[in-house]
Number of protein chains: 2
Amino acid sequence: MLPEPFDLLNEDARTPLILAKGEHVFRQGDETRGVFFVVSGAICLTRMTEAGAAVTLHNAKVGGMFAEASLYSDQYHCDAIAVAPSEVTRLSKRSIQTRQREDAAFSEGLTRRLATQVQEYRQLLTLHAVKSANERVYLAVASGRLRGSVTQLASEIGLTKEACYRALKELTDQGALKKTGRGEYALRTSF
Amino acid sequence: MLPEPFDLLNEDARTPLILAKGEHVFRQGDETRGVFFVVSGAICLTRMTEAGAAVTLHNAKVGGMFAEASLYSDQYHCDAIAVAPSEVTRLSKRSIQTRQREDAAFSEGLTRRLATQVQEYRQLLTLHAVKSANERVYLAVASGRLRGSVTQLASEIGLTKEACYRALKELTDQGALKKTGRGEYALRTSF
DNA sequence: AACCAAATATGATTGAAATCATATGTTGCC
DNA sequence: GGCAACATATGATTTCAATCATATTTGGTT
């Protein structure tokens, strides 16, 4: 359930938290107690600027984690608020740090996970820079991003679901994609 | 010059490479020899899909790094090509891995750098999801992203430079920003 | 000093995606 | 079994940023 290497942590390193919509997981300035995994719901991280504007830093969704950088800070630098009824698992900072020191496999696993995420985020950002909706959708499908729903893909790649459906239709009409089912599309190999 | 913790590496872990435009730093399938730092120019990472489409994974610019995930792979999974005459520094995989095992400060520094980058990329992706150009520019300025040129900011946040200048002008007219010089803007604190 | 390249700045026009609307299909649940 | 919620799908209209165009300023180079 927890992503590697956090699945290696002892039971007592995990604290489940149930949150009502609007409830805080932590606040800016709170002492850092760990990193979090989203079991259900969604958590939004925001920071206030000096001018009073709220900047959203991250929308953590089911299966995602947040506040990993808190391992290297004494206080949280933003607010984490449940935007829906949620369950999150807190992974104790102390346990993680101890394990990092004492277990090379865990330490390597953590570094590896972060390196992989950096790679994924760069790829996603690069995809966002593609102007044409059709090309963006094609590249997204070619990169294997159409796992869940089309709606989900749309939000992932920065399009409305309507624009995404339209692009899928046009790409299918053009012969670049093949419709393999309701909401399912495959690449048409060009040879 | 090199970002932490790579500045800690010995001289002999660094290999400078000079590349003409179009030249490869490495190819998909090559044995992994290290991670890279861009001293000048720009490097583009692309991968071919089964259907023959080229997917750009990352555009590494001056001061940036690429192929960090190669530390956890035997072969590179994409091509790295200089899109302009470039100089890059290769940081030997072996040296990094040895140092990771033997120097806790280095190891922690690397993990920390990656965690920070994950955080930054998430923030940038979240910013890209803001629809209105004005709001996007405002939030970008509020997050301290207007360091270099406006042109640079524009490309960073996914707008054309024209749209970015216009947004800056409108925000200034509205009183949300204050123009402090040519290409320089500051937040107007609302109190 | 003259010149060039790039950044700054803004106006006019266009186009592509957002929005609004609507219909059907599917899934889970009481 | 029926209802609610959501995903799929596509048509019509609008809007906002991209594009095209142009002028000025600045910094670096010869």
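Here the structure is a predicted model, which means the values were calculated and not measured. These numbers come from the heavy atoms of this one structure, side chains and all, not from hydrogens, waters or symmetry mates. Chain letters run A, B, ... following the sequence lines, proteins first, then strands; residues in each count from 1.
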Inset, instruction - Return yes if some donor-acceptor pair links the side-chain N/O of B:E170 with the main-chain N/O of B:N134 below 3.5 Å, else return no. - result: no
Inset, instruction - From the options A:D79, A:L57, A:T56, select the one residue that forms a side-chain contact (heavy atoms from CB on, under 4.5 Å) with A:C44. - result: A:T56
Inset, instruction - Looking at every strand, decide which applies to A:L159 at a 4.0 Å heavy-atom threshold: base, sugar-phosphate, or nothing. - result: sugar-phosphate
Legend entry - Proximal nucleotide (of C:dA17, D:dT8, C:dA9) relative to the A:Y165 side chain: D:dT8
Legend entry - Spacing of A:L171 atom CG relative to D:dA9 atom C1', expressed in whole Å: 15 Å
Legend entry - Closest to the A:A163 side chain, choosing from C:dT8, D:dT10, C:dA17: C:dA17
Legend entry - Atom pair distance, as rounded to whole Å: CG in B:L168 and C1' in C:dT8: 11 Å
Inset, instruction - Indicate yes or no: does A:R145 engage A:E156 in a salt bridge with an N to O separation below 4.0 Å. - result: yes
Inset, instruction - Please determine if a side-chain N or O atom of B:K131 lies less than 4.0 Å away from the OP1 or OP2 oxygen of C:dA18. - result: no
Legend entry - Rounded distance in Å - CD (B:E135) to C1' (D:dA17): 15 Å
Inset, instruction - May I have the distance from B:N134 (atom CG) to D:dC16 (atom P), rounded to whole angstrom? - result: 10 Å
Legend entry - A:E31, CD atom: more than 12 neighbouring heavy atoms under 6.0 Å: no
Inset, instruction - Kindly point out which of C:dT8, D:dC20, D:dG11 is positioned nearest to the side chain of B:E162? - result: D:dC20
Legend entry - Nearest listed nucleotide, side chain of B:T160, among D:dA18, C:dA9, D:dA9: D:dA18
Inset, instruction - Whole angstrom is fine here: how far is it from CD in A:E170 over to P in D:dA9? - result: 14 Å
Legend entry - Distance in angstrom units between A:K161 NZ and C:dA23 P, rounded: 16 Å
Legend entry - Separation of C:dG25 P from A:E184 CD (nearest whole Å): 18 Å
Legend entry - Whole-Å gap separating C1' (C:dA9) and CG (B:L177): 16 Å
Legend entry - Given D:dA12, C:dT10, D:dA9, the nucleotide with the shortest approach to the side chain of A:R166: D:dA12
Inset, instruction - Kindly say whether, by distance alone, the side chain of A:R182 makes a donor-acceptor pair under 3.5 Å with the base of D:dT8? - result: no
Inset, instruction - Measure from the side chain of B:S149, starting at C-beta and using heavy atoms only, and say which of D:dA17, D:dT8, C:dT8 lies closest. - result: C:dT8
Inset, instruction - Using a heavy-atom cut-off of under 4.0 Å over every strand shown, decide if B:T151 touches base, sugar-phosphate, or nothing. - result: sugar-phosphate
Inset, instruction - Look at the side chain of B:D103 and the backbone N and O of B:F106, then say whether any donor-acceptor pair between them is shorter than 3.5 Å. - result: yes
